[in-house]
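Below: one structure, written as C-alpha cells.
Chain identifiers are assigned alphabetically (A, B, ...) following the order of the sequence lines, protein sequences preceding nucleic acid strands; residue numbering begins at 1 within each chain. Predicted model, so just to flag it, every value in this text is computed and none were measured.
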Amino acid sequence: MQEAMISKAKQLLADGTVTRVIGWKKGEFAYDITPAIFESSEEIDRDFVYDDFTSTNVSKYLVKESKKEGKILAFLKPCDTYSLNQLTKEHRVDRDNIYVVGIPSDGKLDIEKIKAKGITGITGVERDGETLKISTVYGDETMSVADVMSNKCISCKSKKHVTYDELIGEDGEVITSDRFDMVEKLENMTSEERYNFWRGELSKCIRCNACRNVCPACTCENCVFNNPDSGVENKAAADSFEENMFHIIRAFHVAGRCTDCGECSRVCPQNIPLHLLNRKFIKDINSLYGEYQAGADTTTKAPLNDYTTEDCEASIVHERGVE
Amino acid sequence: MLKISVEKIDELFKAIAEKQTLYIPTDREDGASEYKKYEDGMKLSGNLNTLRSAKDFFFPQTENLADFKMEGKKIEVIDIREEAEDFVVFGVRACDARSFTILDKVFLSDPVDSYYKNRRDHGTIVTMACTKPAETCFCQTFGIDPTEPEGDVACWSDGESIFFKANTEKGQAFVDSVSGLLEDGDTTKLDETKAKTKEIMGKLPLANLSTEAFGGDKLMEHFKSEKWAELSESCLGCGTCTFVCPTCQCYDIKDFNTGNGIKRFRCWDSCMYSDFTKMAHGNIRNSQLERFRQRFMHKLVYFPSNNNGEFGCVGCGRCMSKCPISMNIVKVMKALEVK
Amino acid sequence: MNAIDTLIPHIGVVTDIRQDTPDVKTFRVNAIQPDGTASGKVFEHMPGQCAMLSIPGVGEGMFSITSSPTNNEFMEFSIKKCGCLTSWLHAMEVGQQITIRGPYGNNFPVETELKGKDLLFIAGGIGLAPLRSVINYVRDNRENYGDVQIIYGSRSKDDLVDYQEIINEWEADPNIQVNLTIDREQEGWDGHVGFVPNYVKELNPSLSKTVLICGPPIMIKFTLAGLKELGFTETQVYTTMELRMKCAVGKCGRCNIGDKYVCKDGPVFRFDQLDELPDEY
Amino acid sequence: MQKIGVFVCHCGTNIAATVDVKAVAEALSHEAGVVISQEYQYMCSEAGQNLVKDAIKEHGLTGVVICSCSPRMHENTFRKAAAAAGLNPYLVEIANIREQCSWIHKDIATATEKAIILGKAAIAKVHLNTPLVAGESPVAKRALVIGGGIAGIQTALDIAEAGFEVDIVEKEATIGGKMAQIDKTFPTLDCAACILTPKMVEASQNEKITIHSYSEVSAVKGFIGNFTATIKKKRRFVDETKCTGCGACTEVCPMQKVPNAFNLGLNNRGAVYIPFAQAVPKVATIDANYCLKLRKGDVNEKVCGKCAAACTVGAINYHQQDEYIEQKYGAIVVATGFNPIKLDKYDEFAYNQCPDVVTSLELERLMNAAGPNGGTLLRPSDKTHPHKIVFVQCVGSRCDDSKGKPYCSKICCMYTAKHAMLIREKYPDTEVYVFYIDVRTPGKNFDEFYRRAVEQYNVHYIKGMVGKVTPKADGTIDVQASDLLSNEQLHIDADMVVLATAIEPDKTARPLATMLTTQMDTNDFFTEAHAKLRPVESATAGIFLSGACQGPKDIPETVAQASAAASKAIGLLVKDSITCNPCVAHSNELMCNGCSACEKVCPYGAITYQDKEFRTPYRTTVMRRVASVNPAVCQGCGACTVACPSGAMDLNGFSNSQIMAEVDAICK
Amino acid sequence: MQVNDNKEFQPLIVAFCCNWCSYAGADLSGTNRLNYPTNVKIIRVPCSCRVNPMFILRAFQRGADGVILCGCHPGDCHYTSGNYFTRRRMTLLFSMLDFLGIERDRTRVEWVSAAEGAKFAATMNEFTEAVKKLGPNRRLEDLRCRKQ
C-alpha cells in the first residue's frame, strides 16, 4: 500500500494536480509516526510512510492547509473521510482545494498496548500476517496483532470512504460494531457506580488539551476554554468540578458533530476513555432522534440544530435506565 | 551497604508511612503507574517510570497563592500558606531526580519561591536505580547515570534486596529512621545488575544522542534555523509534552471568584499554548512555530545559557511516548544538529 | 509560615487620580499605615523599575513606576486604558484599594553608566511614563549629570502625558531643554508639529549624549535609525520594553525572550544587548 | 466604576406586608457599585418615577435596579423614566419581588432574604448591562405578491387601494389561478368567472399594480422593509406591449395538438395560445415545446412562421429572451395557492386507465360553458351524456398512509355537494351517488346547502368507502363500494366517476420558502408566525401569507385572509422606517467559525455569512467565513447563542456574562 | 444552601423561565397567591433556548442543588421553534449528567404556559421536594464555592 501511495503522490505532484501532500512521516522508532506535509518527490521517497502505526487522523490539518495556495493531496482512511465531510459541512475546509485519495485501513496498532505487555527497549516491529514480531534490546517477542489493535480500530464503524476523489484499493462497507457496549455497560450501573467510575477517570485529567486539540470537531477559532469572556475559561482544573465541566462542555459542543474517530482517547496521555462521552451522545441521538452518523454526508442538519415536533421530552432521562 | 530484602519492602513502607506521608509509584488499572499516597497493601510498581513526573510533589498543577476579601473599596489579603508536613517520595528515577536540580535553579533562585521551597524543605526523595531502561530513555545524553541516581537517598535493587545509600543529611536522617529494618548486605549481585544495565544503556537506540550542538552559545544559530517550520508543522499546540515533563515549570496566575472572595492560584501553563504570551497589548508568539521553538530553545539553549551549560531536559522520554503526533525533543535535536 | 514571598502582594490605596489624556490616567498610590491612614510609599524603587498592580478577581498587570524614587511621599503610575484590568483601574475612584507588589526589574543605570553623562530623553505618547521617573530623578540630582534634553511628542496636545508638569516644571527649569511636538497641526498649539523621529533629526543632538528612549515600537524603530544616521551608536541608547508578564520574578516563563526574562533582566536594555536577543519583542 | 441606584417598592402593602423593604434597601446598599438605595410606597407612581429620575441626575447613575412587581408590568414604565432622565433605558433592571416573592411567600424573614437575593442578581446583571439603541431600518414602499390567483389579486388590490405600488408575479400566462377554472361557487352558485374576471381587470387597470405574468421569483435577498427580489420574466415570444390579444395568431397556428392546460388537458389548443377568453393580460404566448419553429432550434431557419405573418402589430418575436427584473420591496405576500394532487398512486380508482374517471376540477371544466364541451356535461370518452355519476370523497385527503395527505382538504365536501346539485338540476335524469367518510360543512349556509342537495335534489349520499373502480367493456364503470351504515357491499354501474382529489400546496412553494427563509410544515404549507394570533404573518418579519399556501381554504376564507395579509402589509408599508428590537443577537467575528450552526437554528433567517478578510499578526490577511446578524430581522430568542460552540454569538440584554452573573449572585 | 432554624436541608433551586410563557406563568401563580418555597429563584430569559448548558453547570458549581428550565409548551414557542431546540439540548445534557452519575432528579425541564400559574407552583413544590430528598449537591459542586 505504501508503495502505491508514494507513486500516486509523486504522480499527482508531477502532473500539477496538487502542490503538497499530507501524509505520515517516519520517526525514530518503528512506531512514532508524525503527520507531515510533503512538497517534493524527494521528501516523499525519504520519509513517507503508511503502516500499522499511521493512526493519526490528518483531516483536521486540512482546516489550515486547504486555505493555503495550491491544492493539497490528503490520504484519508475511511474514518478520516467522515471527519473531512463534517468539516466540509461546517465550512471549515475548502474541499475544492483538497484532493482526497481514499486508502484502506485494516486497523492500526496501539504501541501503548504493546508496551503494556511489559515490552520495552523496542528497536523494531515487524508484522507477519496476524503475528507481530517485536525486537527489543532485551530480546525478541511475538504477539498476535489482534491483541494490540488500537481501541478505535477494534470498534471500527465503517470501512467505507464517504468522500474521495480517488481510491486506492477497493472501498469497504459500513460495518456494525459493538461500539456502544461499554456505554451500555455504564448505563446499567447505578448512578453511584457511574459517578465513581467517571470520578476515577476524569480525576486523572491533566488538562493538556490534547483531546481538544486533536479533535477534528474542535476547530473553533477561539475555544471557550481559552476565552476569558466566556465565563468558563480555565487552564487547569483547580477543582473536580472543573474536570467535569471541561469534558461535559466539550462533549456537548461536539455532540451531533463527533464522527467517533476515536482520536481523543487515543491521544489522552492519561488513557481516559473520553470517547465514551461522545459515544453516549451518539447513542442517545441514534435512539431518540433516529440513526445519525456525523460526517456521512455534507448536507443533513446536525441533530442538535434540528428537531421534530414529536421529539421525546427531557423527562425520558428520568424514566429509563438505572437510577 | 544497608539493605532490605525485597519481601520486606511492605514492612518498610508501613514503617515510613507511620511517621510521615509516603508516596510510592503504583500501578493503576490501565497498566500505567502513578505516585499515590501509600496505604496498606499498596504494591510498588514494576514499571520503569510513572506517567506523570515527580515534579507534582513540589510544584503541583494548581496551588492556591493567596485569598482576598473585597468589601467596598477595601481589600484584605489573606496569607493561606501553611508549613508543609514532612513527606517521602519513594522510587524516583534518576532522570526525575535530576529534574529537581533544574527546578531548584528556577524556584530557589532569588527571589525564592516560598511555596516550592516549603515542599522541598519537607520532602525527602528516595530514588531507585533503573534496571530496565526503555528505548525512549536518553538520560545519559544529559550526563545522568540511571544506575547511580541522585536524591536524598539512593536505592538499588538486585532483584532480591533493595540497597540504600544516603546522599544528604535529610537522606541520612531518613535512613536512620528506618535503620531498624535494614541490615548490611553484599553488593556483588548488585554490581552485576548495574553492569548489565550499563550494557543495555549502550545498546539503546538513543545511546549516541549528543548535546554537542546545543548550549547557550548557539542561540541565534538555532533560533534562526529553517528546520523549525517542518518540525512544528504538525504540532497540535497541546500541553501534553509540557505537563508530563519533569522540568517544565511555566505557570499562570489566575484569580477565581468564589462568590465569597477571590482565590489567587497558580497553575501549570504551557509555552505551547496559543494564549501563553497573549496579553492585553497583543501576543509576541503568534504562530505554533514560534511557540514550538520556544519550548525546545528554552531547554536546549536558553536554560543552559543561564545555568552554566546545564540543559533543561533530563531525557526521561515521557514526551516521546505521550506526544499525540510523536514529535519530540529527540527529533528536534537530531534535526538541528545537522548543519 | 512567615517566609516573605513576593507573590503575596501589599495593599496600596489610591489617593489621587489625574486624567492626563483622554485615555491615560495617573494614579497616586500610598501605603496604608498601621493606624489605617494612607501615606508614604509601599516600597522603594529605582527609576525604570516596575510594580505589579492588581484588583483581585479582575487581573494583575505590570506597570512602570512613573514617580521618581526621590519622591518620598507617594508613588505614581500613568496607565493607558487598553484592556480589562486597565479599564477597571480607570473606573476607580479615590480611596480604592489595590494590591501592589514589587519593585521588579532592572532600572536605568542612573547611578552608574549614566552618571556624569549628557542625557537625551526621547519619548512618544505613554512612553513618557517610565522616563518621567528618570527625568525627575535626574532633576533632583542635577549635579550628577551633564546636559539634559527632552524630546517628547504625541498625537495631539491632548495626548501629551503630564502636560502640566512639563510646562510648569520642566520647561520652567533653566537646566533642562524641552522640545515638544505633536503629529498634526492643532488649534491652540504654536509649538513644533511633526513626528518624533523627524524632529530628533531636525534638532540634531550632540553625539556626546546618552539617549533614553521609550514609545511605540514604530517610533522607536525610526528614531533609532535616525540616531544612527546622526552618528549615534547602539551602546549609547537605552530603552525599556513592553511589560508582558505574570509572575514578575523570572519564573512563570511568559516574558522569556532568548535567555533573558524581561521582568527580571529587563525591562531596561541597551540596544546592543537587544541585538543579541531573538526578535520576539 | 458603576454607579447603581436601587429602588425598592412597597407596592402599598402588596410587597411590604411580606417583605421587609427597608431591610432589602439596606442590604442592597452594600453591594458593589450601589451608590443609592431607597424604598418608596409606589415606585410606579409619578412621585416614585421622579425619585428614580432625580437620583439618575443627582448621582449620575449608570444603572438602575427597581425591586418591584414583574418586569412584565412596569419594565417599560421605568425604562421610559430612565430615558427621560437621560439614562439609556436598557440600563434598567427589575427584580421581581412581588409576583415572584411577596405574593407567594408568607414568612417575612425568608421572603425578605429571597428579595435581597433577587435584588443582588439584578444588580449583578445591571453591572454588565450596556446601553442599547434600537436601530431603525427604512421601508421600501412597494409590495411583492407572489401568485396571481384570487388571493394574490385581492391582496394586491387592497394594498394598491392604500396607495402603495404592488407587483404581482404569476407563473402562468394569465392571472386568475384556480378560481378562473371553476364553474360555479358554493353555496350561492354564482358563476366564478362573473365575480373573478372583473377583479382581474381591476387589477390590470390599477395604476399601482404591475402584473408580471408568465414570470417567477428567482431570488430574494434582504429583510423586512428592505427585500430585493429578482423576477424572471420567462420568454413568451410575444411582445406584451404590442400584442392586442386579437387571437389571429392562435387561429393560424398549424400545431393544434397541444393539450390545453387551462382545461386540464381535456381538449387541445394551439402552440400559440391565449389561456382563456378573459385572460389578463390578454396576450398570446408561444409554447416553445410545441411550436414548430421554436422546436427546430434555429429560429432563423425558414420553418412555419405563420403566427408572425398573421400578426398585424408585429408582436411575435422568436428571438425573445428571458428577462430579469430586480426590484426593492418593503413587504412580500406569498399567495402561491394549491393544486390537486397527482393520482398516480391511486390505481384502485382507475384514473389513469379510464377517461371517464375525472377529478373534481376536471368536472368543473367539463361543466363550464367555456370548457371543452361548451357547458354540456358529456363523458370525455365518447361524448355521451352520463346517467349515473359516482362521486368519491377524500381521495388522498385524511390519509394515514404515504399515498395521500394526512389533512382534510376542507373544500371537497362543499364542492361535491355543489356538483351533485348542479348535475341534478340540469340533468334530472342523472343519478348521483356520493361516497363519503363524513360530510364536513361548517360555514355560513354550508350545511343548509348540503341538506338541499340531499333533500331537495335527491343526491344519494352513502357513508362508505369506494374499494375499486373498474372500467368495463361496455363503457360503463363498475364502482365497488361498501355502505358502512347498512354494512353491505355495493356495485354501481356508473357512467362517470368524479374524484374529490386532495389539494396540496403548489410545488413552487418549497423552493420559495427556502428563498424567503420562511418556515413550512411537513405538508409544505407555509407556517404562520402564530397559529392563533398571527395567522397571516410568517415567522420571518415582513413576509405575509395569503390564501391556500398556508392551508386549505375556500374562496371566502381565501379572500378574507388575502385582505388580512394586505392590511398587515399596509401596516408595514405606511411606516417610513421600522424600529428594531435592540435585544438581538450579535456575532463576534473574531471568534466566529462560520460553521452555519447558528443559521440552522434561526427561525427568522436573520443570519447570513460572508467571506471576510482578516489581518493576521504577520501583516498578511486571511479570508474567513463569518456570520452576521441582521438586527432588523432578529427577534432575540437566543437559539443561536447556544448552537454556537465558540461562543461568538451572544445576545444583547441577555448576554452570557449577564446570565452567569445572575446565576452567581443567586447561588452566592 | 440555606439553613433555617430547624436545620432541615434547604436546597437552592435555580429556575430559568422563558419570558413569554413560564415567567408569565410564575407571575400568575403570584397573582393567584399560590405558594411555592423561597428556595426557588427565577432567572428570566427570552426563550428556553437561550439557556446554555454552561449556565446550568455554573449554577451547580456555585452551589445550586437543582436546576429547572421552564418554557412554552411545544408548539407554542413565541419564537416558533426555540423550545424544540431546548428539548433536544436538555434531553442530551441531562442524559450526559446522568451518565456521569449526577443525580437525575437535580435537573428538569417543564413546559408551563402563561395560564398555568397553578402548574408552575405545583411544579416548583414538587421539584423542591425532590431535590430536598436528594440532599445537597455534592457531585457537581465546586468545593471552592462551598459556603462555610
Inspect the surroundings of [atom1] in [X] and state if more than 12 heavy atoms from other residues, nucleotides or ligands are less than 6.0 Å away.
X      : atom1 : answer
B:K19  : NZ    : yes
B:K117 : NZ    : no
B:E83  : CD    : yes
B:K14  : NZ    : no

Inter-residue atom distance E:R144.CZ - B:N257.CG, 0.5 Å rounding: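 Answer rounded to 0.5 Å: 10.5 Å.
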Heavy-atom closest contact (E:R62 atom, B:T258 atom, distance):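 In terms of heavy atoms, the two residues are closest at NH1-C, 3.9 Å.
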Part of residues 42-51 of chain E lying next to chain B, heavy-atom separation under 4.5 Å: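 Within residues 42-51 of chain E, no residue comes under 4.5 Å of chain B, counting heavy atoms only.
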